[in-house]
Amino acid sequence: KGLVMAWDQFELPWKQAAPASDKAQGRAVLTKGEDSFTVSGEGFSYTFSADGQLIGINQDGEELLASPLEFNVWRAPLAVELDGWDAGNIRYTNRKDWNGNQVANEYFSNDLQQVTRIPISCETFEAGGQVFVNVRCFSQFGPATFGALDGYISGTKYSGFSEVYNYRINGDGTITLHHTLEPEGSMPALLPRIGLKMTLNGNLQQVKWFGRGPEENYPDRKTGYAVGVYENSVDGMFEPYLIPQDCGLRCDNRWLEMSAPDGKGLRFAMDELFNFNAYNYSTDNLTRAVYTYQEQKSDEVTLNLDYDT
C-alpha cells in the first residue's frame, strides 16, 4: 500500500509564457560612485562595479551575494571524463598531450577553467521609475595569444564569448536580465556547461525548485524524475561520489528559490527551462580534489544556473 508501481507525465503540445511586465512598481534609484554604482529601492540595494558587473545584492541590510555574477562554462570534470576509455568519442580541437587522453583534456587544453572577463562598455540610466544597465564584455578562455589572423595580418587572437547584459531593475527589487552570447574564435569540441555562476551568503541553505526531482538528474538521465515542486537543503543535494566531481544537478526548471531560515533569499526564473546545482564547496576545490578527504567545505554556497549542460 502506498507504493508507486508506475507513473508518467505528458507534456502538453502548447506553451503559454507569462507576459513580462515592464510596469514600474515603486521607484528604483541610481546612485553613481567613483568605483561602483548602486541601484536601490525599498528594502534592497544592488551594487555594480564601474564596468557593470553585479557584485552585491543587499536585502534589508544583509548581503546575499558573496561573489560577482559571472558567465560560466566550467564544472569539475565527471569521473567518466577523467579516464581514457571514452576519449575516442569526440574530435579534439586543441588537445595537449601532457593533459592526458581523457575527455577532460579538451576542457583543460582550451583553458575553460580560467575564463577572464574583459570589460568593453557600461551604460546606465533611469526611466519611468526603473533603472537600466547595459553592459558589453568579452569572456576569454585563458590568456589571449598573438599570431596570424589570416594570410596577411597578425594580431591578438581571442577565443571565448562576446556578451551583452541588459538589466532592468524595478522598484520592487525585481531584476530582469537579458543575456546575449556570441562565440568568437576557436571553440572546444564541447562545453561542460554554459550559463551563469555566483557565490551566495552561506545562510541560504534552503532550496526549493519547480523542475525535475527529487534526486539529482542529468540531460541524458532525467525522464525517470517527475516534474514537480521540491524542497531540500544544499547539503542534502550533494552526492558524495568516490571521485570528487560536479554533482547534484536538477534539470528542466521553471524557477528556483534559495533562502535562509528567516525567509530572506533569492528567486530565479527564466523564460526557458534551465538546469542548476548548488553546493557548499568551491568549484575549484571539487576540480582539484582527487580523494574525498580533500573536499573542503566553504562558508558560502556555490550556485550554477545553466542555460544548457
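Small disclaimer: the values here were computed from a predicted structure and weren't measured. Note: hydrogens, waters and symmetry copies are ignored here, and every other heavy atom, side chains too, is used.
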task: Test side-chain hydrogen bond (donor to acceptor under 3.5 Å, both in side chains) on Asp252 and Tyr225 and set out the steps.
output: CA-CA 10 Å; Asp252 297 346; Tyr225 302 87; over 6 Å; no
task: Determine the interplanar angle of the Phe37 and Phe48 rings, folded into 0 to 90°, and report it as parallel if under 30°, tilted if 30 to 60°, perpendicular if over 60°.
output: parallel
query: So Tyr167 and Tyr165, would you call those rings parallel, tilted or perpendicular, with 30° and 60° as cut-offs?
result: parallel
- prompt: Does the cation-pi check pass for Arg254 over Phe210, that is, NZ or CZ under 6.0 Å from the six-membered ring centre and within 45° of its axis?
  reply: yes
- request: Would you please test Phe71 and Phe161 for ring pair (Phe, Tyr, Trp, His ring centres under 6.0 Å) and show each step?
  value: CA-CA 9 Å; Phe71 172 66; Phe161 281 86; 5.4 Å; yes
- request: Taking Glu106 for its side chain and Val103 for its backbone only, find out whether a donor-acceptor pair lies under 3.5 Å.
  value: no
- prompt: Do any pairs count as a salt bridge (charged side-chain N to carboxylate O under 4.0 Å, His left out) and have a residue in residues 298-309, sequence neighbours left out, and if so which ones?
  reply: Arg193-Asp306
- prompt: Distance only, no hydrogens: is a donor on one side chain within 3.5 Å (strictly under) of an acceptor on the other, for Ser233 and Asp235?
  reply: no
- prompt: Taking Asn166 as the fixed residue, which of Asn134, Thr180, Thr176 is the one that meets the side-chain hydrogen bond (donor to acceptor under 3.5 Å, both in side chains) rule?
  reply: Asn134
query: Does a donor on one side chain and an acceptor on the other come within less than 3.5 Å for Tyr293 and Glu295?
result: no
task: Please report the C-alpha distance between Arg27 and Glu42 in whole Å, then the side-chain angles of each, then the deciding distance to 0.1 Å, and finally whether the salt bridge (charged side-chain N to carboxylate O under 4.0 Å, His left out) criterion is met.
output: CA-CA 8 Å; Arg27 182 169 180 266; Glu42 186 175 353; over 6 Å; no
- prompt: Mind checking what makes side chain to side chain donor-acceptor pair (under 3.5 Å) contact with Arg117, not counting sequence neighbours?
  reply: Asp51
- prompt: Under 3.5 Å, is there a donor-acceptor pair linking the side chains of Lys264 and Ser259?
  reply: no
- prompt: Where do Ser159 and Glu184 land on the side-chain hydrogen bond (donor to acceptor under 3.5 Å, both in side chains) test, with the steps shown first?
  reply: CA-CA 6 Å; Ser159 295; Glu184 294 188 18; over 6 Å; no
task: Check the pair Asn105, Gln102 against side-chain hydrogen bond (donor to acceptor under 3.5 Å, both in side chains), reporting the backbone distance first and the verdict last.
output: CA-CA 5 Å; Asn105 182 356; Gln102 309 97 359; 5.2 Å; no
field: Polar contact flag, side-chain donor to acceptor under 3.5 angstrom, Tyr307-Asn275
entry: no
message: So, using side chain to side chain donor-acceptor pair (under 3.5 Å) as the criterion, who are the partners of Tyr46 when residues are at least two apart?
response: none
message: Run Glu81 and Tyr107 through side-chain hydrogen bond (donor to acceptor under 3.5 Å, both in side chains) and show every step you take.
response: CA-CA 10 Å; Glu81 298 168 330; Tyr107 306 156; 2.7 Å; yes
- prompt: Do the rings of Phe132 and Phe125 sit parallel, tilted or perpendicular, given the 30° and 60° boundaries?
  reply: parallel
message: Any side-chain to backbone donor/acceptor pair from Glu182 onto Glu163? Under 3.5 Å, distance only.
response: no
